[in-house]
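So the structure is just underneath, and the comments pick up after that.
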Amino acid sequence: MKVTQISIGRFHHFHLARQLEKHNLLDRIWTGYPKFKLKDEEGIPIEKIKSFPWLHTPYMMRNRIGIGNWHWLNREWSWLAQNTLDLKVSKNINQPSIVVALSGSGLHSGTKAQKKGGYYICDRGSSHIRFQDEILKEEYLRWGLIFEDIDPRILAKEEAEYEQSNIITVPSEFVKQSFIKKGVSEKKIAKVIYGARINRFSKIAEPSEQIFRVLWVGSICLRKGFFDVLKAFQLLKHPKKELLVIGGIATEIEALLPSWNLDNVIFKGNVPNDQLPYIYSTAHVFVLASIEEGLAMVQGEALACGCPVIATNNTGSEDLYNDEIEGFIVPIRSPAIIAEKLQQLADDKVLRLQMSFAAEQKMKNIGGWDNYGTNFKNIIDTLP
């Protein structure tokens with residue numbers, strides 16, 4: 001039985017498609033991405049990529065045309081993009097197949113596959129959507145803001161997908177535990193840790209001896225714990241410290257930034273991907289204080305470049321590296337603990353160099369995406 005994949009965007013699903021193709025399991029992958037942007041997807045025959053871009057592609061362009069802040073429109077657009085893709089794929093399932101769909105995009109197709117004698121695997125890249133909704137509400141209130149609730153239609157559809165699917169695949173122990181806490185049977189959950197394209201990331205330079213550089217890479221938002229990192233940086237005692245921030249600034253952060261001391265904080269905005277290996281290599285430590293996400297692969301990128309990582313246990317860090325070996329793993333909402341770990345690395349060059357070497361070795365042994373593909377195939381093989 002062949003696999004039909006559904007992923008509204010790229011995410012990790014095109015890595016999975018390459019792996020399924022290697023194992024002769026891929027029938028096709030459906031996406032909301034326009035086909036002209038997918039010509040560089042080596043390892044996937046172009047005829048197996050099915051694009052349905054009519055809603056998702058203009059949705060991706062909304063900021064460029066000046067409607068990125070129209071919340072009501074964005075909510076409706078997002079819902080329609082995912083649901084119409086799901087409905088489109090369901091009409092093309094006419095024989096037994098295995099649907100592997102990113103959560104939010106597979107209920108109709110997965111159910112159709114089951115009715116035809118196939119199976120449905122719901123692939124969730126972040127924590128249980130109800131858990132996610134609740135913890136983000138808490139975080140926004142922590143900073144005096146109101147979180148725009150996740151669309152109730154999406155909440156209802158995702159929870160229906162969890163119930164309907166034969167298996168739920170997740171990328172980390174943190175995500176798995178979020179499902180168990182919400183009452184999903186552990187027997188239904190399969191953890192498949194993402195791989196990493198480490199050939200693109202390696203140590204190519206050394207950090208400066210003149211400064212102590214703390215690095216942030218990613219969206220600058222409350223979900224990723226930016227203000228906890230900023231507070232930790234302020235607590236760090238070092239005469240030549242620097243916080244280098246790479247990424248776009250979310251609206252809620254812009255509203256609160258004026259009240260913070262931003263001395264020695266450098267906002268670089270988004271940078272080309274080919275600049276990242278040098279940026280990681282010349283940082284003394286990378287910090288990610290996320291409140292919630294599945295498995296943030298920026299951690300793997302930093303480690304591959306020999307940059308020790310400090311991250312919360314809600315980033316999937318425990319499935320990627322070892323506490324006190326390649327970096328540190330800390331609780332969420334713990335700027336004082338992050339500051340303590342920063343101080344250790346700033347004060348102890350030998351420790352930092354040991355962690356840097358261990359980080360490089362760890363990522364060299366991760367096996368790219370091949371282990372992920374093999375593990376996913378093994379899950380498919382368990383289907384009756």
Correct closest heavy-atom pair for Ser317 and Ala311 would be CB-CB, 4.1 Å
Ion pair Lys191/Glu186, N-O distance below 4.0 Å: no
Could you give all pairs that pass the ring-ring contact (aromatic ring centres under 6.0 Å, His included) test and reach residues 141-160, with sequence neighbours left out? Tyr140-Phe147, Trp143-Phe227
Check whether Tyr119 and Leu107 end up in the same hydrophobic cluster, where Ile, Leu, Val, Met, Phe, Trp and Tyr are linked by side-chain heavy atoms less than 4.5 Å apart. no
Any side-chain heavy-atom pair from Ile121 and Val3 closer than 4.5 angstrom? no
Glu21/Arg18 salt bridge by N-O under 4.0 Å criterion: no
Any side-chain donor near an acceptor of the partner, Lys2 and Asn24, under 3.5 Å: yes
Please check if Ile180 and Ile135 belong to a single hydrophobic cluster, counting links between Ile, Leu, Val, Met, Phe, Trp and Tyr side chain heavy atoms closer than 4.5 Å. yes
Smallest separation among heavy atoms of Gly306 and Lys203, with atom names: O-NZ, 4.2 Å
Do other residues, nucleotides or ligands put more than 12 heavy atoms under 6.0 Å from the CD atom of Glu47? yes
Between Lys48 and Leu26, which heavy-atom pair has the shortest distance, and what is it? NZ-O, 3.0 Å
I'd like to know if the side chain of Ser78 and the backbone of Arg75 have a donor-acceptor N/O pair within less than 3.5 Å. no
Heavy atoms of other groups near Glu163 CD, more than 12 under 6.0 Å: no
Donor-acceptor pair, distance only, cut-off 3.5 Å: does the side chain of Glu326 make one with the backbone of Asn322? yes
Side chain proximity check, Phe267 to Leu257, heavy atoms < 4.5 angstrom: yes
Heavy-atom closest pair (Arg213 atom, Ile211 atom, distance to 0.1 Å) is NH2-CD1, 3.4 Å
For Ser165 and Tyr120, indicate whether the former's side chain and the latter's backbone hold a donor-acceptor pair under 3.5 Å. no
Check the pair His15 / Tyr194 against ring-ring contact (aromatic ring centres under 6.0 Å, His included), numbers first and verdict last. CA-CA 9 Å; His15 295 300; Tyr194 296 153; 9.0 Å; no
Show your reasoning for whether salt bridge (charged side-chain N to carboxylate O under 4.0 Å, His left out) applies to Lys182 and Glu134. CA-CA 11 Å; Lys182 288 300 177 185; Glu134 291 169 359; 2.8 Å; yes
Could you check whether His128 and Tyr162 have their ring centres less than 6.0 Å apart? yes
Between Lys176 and Asp319, does any side-chain N to carboxylate O distance fall below 4.0 Å? no
Can Lys349 and Glu209 be counted as an ion pair, charged N to O under 4.0 angstrom? yes
Work out which heavy atom in Ala289 is nearest to a heavy atom in Asp228; give both atom names and the distance. CB-CB, 4.2 Å
Residue of the set Glu76, Glu159, Glu158 for which salt bridge (Lys or Arg N to Asp or Glu O under 4.0 Å) holds with Arg153: Glu76
Donor-acceptor contacts under 3.5 Å from residues 87-101 side chains, at least two apart:
| from | atom 1 | to | atom 2 | distance (Å) |
| --- | --- | --- | --- | --- |
| Ser90 | OG | Leu87 | O | 2.6 |
| Asn92 | ND2 | Lys88 | O | 2.9 |

Mind checking the CG-CG spacing from Leu351 to Leu345? Nearest 0.5 Å is all I need. 5.5 Å
Hey, could you give me the CG/OG1 distance between Leu85 and Thr31, rounded to the nearest 0.5 Å? 7.0 Å
May I ask you to establish whether Lys341 and Phe328 are in a cation-pi arrangement, using a distance under 6.0 Å from NZ or CZ to the six-membered ring centre and at most 45° from the ring axis? yes
With the threshold set at 4.0 Å, does a side-chain nitrogen-carboxylate oxygen contact exist between Glu138 and Arg333? yes
Whether the side chain of Lys241 engages the backbone of Leu236 through a donor-acceptor N/O pair (distance < 3.5 Å, no angle test) should be reported. yes
With sequence neighbours excluded, give me every side-chain hydrogen bond (donor to acceptor under 3.5 Å, both in side chains) pair touching residues 299-314. Tyr280-Glu301, Gln299-Thr315
Quick one: do Thr282 and Leu215 satisfy side-chain contact (heavy atoms from CB on, under 4.5 Å)? Show the steps, please. CA-CA 9 Å; Thr282 54; Leu215 178 63; over 6 Å; no
Is there side-chain contact between Leu222 and Ile253, with heavy atoms separated by less than 4.5 Å? yes
Side-chain donor-acceptor pair under 3.5 Å between Asp348 and Gln344, yes or no? no
Shared hydrophobic cluster, Val245 / Leu235 (ILVMFWY, side-chain heavy atoms < 4.5 Å): no
Phe11 side, atom CZ; Leu16 side, atom CG - distance, nearest 0.5 Å: 14.0 Å
Taking Leu102's backbone N and O only, do any of them form a donor-acceptor pair with Ser7's side chain (distance below 3.5 Å, no angle check)? no
Is it the case that the side chain of Thr382 and the backbone of Ile379 share a donor-acceptor pair, with hydrogens and angles ignored and the cut-off at 3.5 Å? yes
Any side-chain heavy atom of Tyr372 within less than 4.5 Å of one from His12? yes
Check: Val175 main-chain N/O paired with Ser178 side-chain donor or acceptor under 3.5 Å: yes
Can you pull the ring-ring contact (aromatic ring centres under 6.0 Å, His included) pairs that have at least one residue in residues 203-223, sequence neighbours excluded? Phe212-His238, Phe212-His284, Trp216-Phe226
Looking at Lys231, I want to see if its NZ is surrounded by more than 12 non-hydrogen atoms of other residues, nucleotides or ligands under 6.0 Å. no
Should Val350 and Leu342 be regarded as members of a common hydrophobic cluster, given that ILVMFWY residues are connected when their side-chain heavy atoms come within less than 4.5 Å of each other, either directly or indirectly? no
Going through the distances and angles, do Arg142 and Glu139 end up as a salt bridge (charged side-chain N to carboxylate O under 4.0 Å, His left out)? CA-CA 5 Å; Arg142 180 181 171 217; Glu139 187 62 16; 2.8 Å; yes
Going by atom types alone, do Asn166 and Gln114 pair a side-chain donor with an acceptor below 3.5 Å? yes
Under 4.5 Å between side-chain heavy atoms, chaining through other members, with only Ile, Leu, Val, Met, Phe, Trp and Tyr counted: pull out the rest of the cluster around Leu141, sorted by chain and number. Ile146
Leu136 side, atom CG; Glu148 side, atom CD - distance, nearest 0.5 Å: 12.5 Å
Kindly say whether Gly110 contributes a backbone atom to a donor-acceptor pair with the side chain of Gln164 at under 3.5 angstrom? no
Check whether the side chains of Ser103 and Glu161 place a donor and an acceptor atom closer than 3.5 Å, and report yes or no. no
Only counting residues at least two apart or in another chain, list the ones meeting side chain to side chain donor-acceptor pair (under 3.5 Å) with Lys224. Glu293
Could you check whether Asp86 and Ser105, counting side-chain N and O atoms only, form a donor-acceptor pair closer than 3.5 Å? no
Does Glu292 reach the main-chain N or O of Ser127 with its side chain, forming a donor-acceptor pair under 3.5 Å? yes
Give, for atom CD1 of Ile246 and atom OG of Ser219, the distance between the pair rounded to the nearest 0.5 Å. 13.5 Å
Would Ile204 end up clustered with Met363 when hydrophobic side chains under 4.5 Å apart are linked, directly or stepwise? no
Inter-residue atom distance Gln5.CD - Ile49.CD1, 0.5 Å rounding: 10.5 Å
